[in-house]
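Contents: one structure, followed by commentary.
Hydrogens, waters and symmetry mates are skipped; everything else that's a heavy atom, side chains included, is used. Chain letters run A, B, ... following the sequence lines, proteins first and then strands; every chain starts at 1.
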Number of protein chains: 2
Amino acid sequence: MTERRKPAGQPDKRRAIVAGALTLFARDGYTRAGLDAIAAEAGVSNRTIYNHFLDKAELFQTVIQESTQRVAGTMVDIIDRHLSKVVDLEKDLVDFGLAWIGVLTSDLAPHFALIRQINAEVEHIPPAALKLWQETGPGRTRRELAERLHRLAERGDLAIADPARAAGHLMLLISADNLTDRADLHDEDALRAMVTAGVRAFLHGYGR
Amino acid sequence: MTERRKPAGQPDKRRAIVAGALTLFARDGYTRAGLDAIAAEAGVSNRTIYNHFLDKAELFQTVIQESTQRVAGTMVDIIDRHLSKVVDLEKDLVDFGLAWIGVLTSDLAPHFALIRQINAEVEHIPPAALKLWQETGPGRTRRELAERLHRLAERGDLAIADPARAAGHLMLLISADNLTDRADLHDEDALRAMVTAGVRAFLHGYGR
DNA sequence: TAATGAATGCAATGAGCGGTGTAATCGGGT
DNA sequence: ACCCGATTACACCGCTCATTGCATTCATTA
């Protein structure tokens with residue numbers, strides 16, 4: 001059960017390969033991203049990749065796992081930083097939202113292109129791997145956010161029956177324009193407007 | 001300017017090709033879907049495809065356009081049917097939402113797999129084609145929904161400052177679980193719970 | 001310095017795929 | 001019966017790509 005990964009190869013090379021693979025998988029997708037291109041991007045020989053990974057599929061899976069964990073960590077940090085002590089609910093939620101979508105344009109941006117690739121190939125990925133990703137990635141951040149919202153509800157700041165569902169709603173509303181249009185992620189004003197509108201909808205709804 | 005499409009080939013063959021191509025493009029994506037497989041799925045010779053289409057890219061574009069128009073038409077119908085005359089706002093919105101996500105499991109289902117493919121390859125698609133798709137597909141349905149919501153707001157049933165944005169929010173909230181988890185689209189009770197929760201969030205929010 | 005494992009360059013294999021040419025066949029209209 | 005365009009089966013070209021084998025070089029350590 002305790003399968004030990006072969007520690008073959010030097011760690012810096014391995015990191016370079018994974019980083020380069022992330023870049024190309026994110027830009028071109030699994031099929032289009034050639035191993036020669038990945039090797040070039042990583043500044044490494046084609047042949048070396050096979051010293052570190054069994055085949056292309058294993059490399060892909062590794063890239064997903066490492067990237068997912070890193071991004072999930074960042075997200076959880078943002079949640080904790082912005083929603084630990086809340087004074088002005090709307091303002092703090094907006095600040096949280098801006099930090100949240102800020103990740104989409106950070107150096108972690110390629111990750112989300114990778115997610116789109118996964119989403120497209122969802123039929124061809126073994127359900128176990130998919131489940132694992134769900135759990136350690138979006139699942140983890142959603143649980144963390146749900147926990148925070150639950151605390152706020154207990155304090156009386158929010159009226160939440162199902163924290164997990166509320167967390168899902170908040171995440172969607174914050175970055176709504178990204179999913180409908182393709183929003184301009186570099187227009188600071190537009191971003192603030194989007195997040196603010198999302199937070200207000202989350203707090204008050206549109207009912208009369 | 002008025003480019004006439006070559007009417008070469010028999011219409012039923014052409015329809016079979018487009019239908020088969022939709023199936024395989026949706027399941028396997030643009031790159032993985034081979035022309036031989038498409039031909040087999042359509043019950044047609046490989047060579048025949050090139051009687052109707054210039055190349056794989058043109059076939060893909062045709063599939064997208066036709067599928068998009070069909071689905072957008074269906075969506076607009078649903079909007080009109082459920083939101084023309086509203087008596088019980090929450091109930092009518094829930095019914096609307098159920099019909100809306102019902103499309104995701106209908107015979108139009110492959111379309112949305114195709115959308116995921118587009119979304120993944122968004123970097124490799126000419127922006128003009130992307131814009132066109134945006135406009136005739138989701139853009140059209142969102143405008144239609146926004147228009148309906150605007151009427152309801154004028155009537156005093158809703159308080160909406162930006163109808164387009166509200167429409168986007170409603171669409172997201174209705175099918176929230178599909179985007180976070182991978183929801184079970186065949187559990188009737190779960191679907192109703194999801195939609196109801198989304199509609200309530202849309203109407204009242206979570207604020208205290 | 002000797003030895004060992006890692007990395008590299010190069011070549012090659014085998015498969016899959018987009019696209020084309022061609023000749024034979026089919027089917028409806030005259 | 002004849003015609004003509006559409007369709008088909010088949011063979012083929014050129015290309016890309018994952019994967020491997022092999023010989024060579026490099027770096028570190030004993």
Side-chain angles (χ1 to χ4, degrees), chain A residues 4-64 114 117 120-121 123-126 129, chain B residues 4-64 114 117 120-121 123-126 129:
Chain A
R4 232 337 117 221
R5 261 279 155 263
K6 55 188 150 123
Q10 293 203 305
D12 57 333
K13 295 284 178 184
R14 185 191 166 96
R15 256 175 286 132
I17 293 172
V18 174
L22 170 58
T23 301
L24 290 200
F25 279 141
R27 164 149 37 93
D28 299 339
Y30 179 78
T31 316
R32 293 172 119 100
L35 280 179
D36 289 348
I38 293 177
E41 176 75 22
V44 151
S45 164
N46 172 330
R47 203 66 186 69
T48 301
I49 297 182
Y50 287 92
N51 275 352
H52 291 260
F53 302 93
L54 187 75
D55 56 10
K56 198 184 181 183
E58 195 198 79
L59 172 60
F60 189 59
Q61 183 151 330
T62 303
V63 169
I64 291 176
L114 193 66
Q117 304 293 341
E121 309 218 32
E123 314 270 3
H124 300 286
I125 300 178
Chain B
R4 231 337 117 221
R5 261 278 155 263
K6 54 186 152 122
Q10 293 203 306
D12 57 333
K13 295 285 179 183
R14 184 190 167 97
R15 255 175 287 131
I17 293 171
V18 174
L22 171 59
T23 301
L24 289 200
F25 279 143
R27 164 145 41 89
D28 299 339
Y30 180 78
T31 316
R32 290 171 119 101
L35 280 180
D36 288 349
I38 293 176
E41 176 75 23
V44 151
S45 164
N46 173 332
R47 202 66 185 71
T48 302
I49 297 182
Y50 288 93
N51 276 351
H52 291 262
F53 302 94
L54 187 75
D55 57 8
K56 197 183 182 182
E58 196 199 76
L59 174 60
F60 188 60
Q61 183 151 331
T62 301
V63 169
I64 291 176
L114 192 66
Q117 302 294 342
E121 308 217 32
E123 314 270 3
H124 299 286
I125 299 177

Using atom [atom1] of [X] as one end and atom [atom2] of [N] as the other, report the distance to the nearest whole Å.
| X | N | atom1 | atom2 | answer |
| --- | --- | --- | --- | --- |
| B:Tyr50 | D:dT8 | OH | P | 15 Å |
| A:Ile17 | D:dA18 | CD1 | P | 14 Å |
| A:Phe53 | D:dT19 | CZ | P | 13 Å |
| A:Lys13 | D:dT28 | NZ | P | 11 Å |
| A:Ile49 | C:dG9 | CD1 | P | 13 Å |
| A:Arg14 | C:dA7 | CZ | C1' | 16 Å |
| A:Gln10 | C:dT4 | CD | P | 18 Å |
| A:Ile38 | D:dT16 | CD1 | P | 17 Å |

Please classify the nucleic acid contact of [X] as base, sugar-phosphate, or nothing, using heavy-atom distances under 4.0 Å.
| X | result |
| --- | --- |
| A:Ala57 | nothing |
| A:Asn46 | base |
| B:Ala39 | nothing |

Next on the checklist: Between A:Asp55 and A:Glu58 (side chain of the first, backbone of the second, donor and acceptor by atom type, cut-off under 3.5 Å), is there such a pair?
Outcome noted: yes
Checklist entry - Taking A:His124 for the side chain and B:Arg27 for the main chain, is one N or O donor matched with an acceptor at less than 3.5 Å? => result yes
Checklist entry - Under a 4.5 Å cut-off applied to non-hydrogen side-chain atoms, are A:Glu121 and A:Thr31 in contact? => result yes
For the side chain of [X], counting heavy atoms from C-beta on, which of [options] is nearest?
| X | options | value |
| --- | --- | --- |
| A:Asn51 | D:dT8, C:dG18, C:dA7 | C:dA7 |
| A:Leu35 | C:dA7, D:dT19, D:dG21 | D:dT19 |
| A:Ser45 | C:dG19, D:dT7, C:dT8 | C:dT8 |
| A:Arg47 | D:dT19, D:dT20, D:dT8 | D:dT20 |

Item to check | Distance (rounded to the nearest 0.5 Å) between B:Ile38 CD1 and B:Leu59 CG | outcome: 5.5 Å
Item to check | Exercise: identify the closest heavy-atom pair between B:Phe25 and B:Lys56 | outcome: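 Between these two residues, the closest heavy atoms are CE2-CE, 4.1 Å.
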Checklist entry - Within less than 4.0 Å of OP1 or OP2 of D:dA6, is there a side-chain N or O belonging to B:His52? => result no
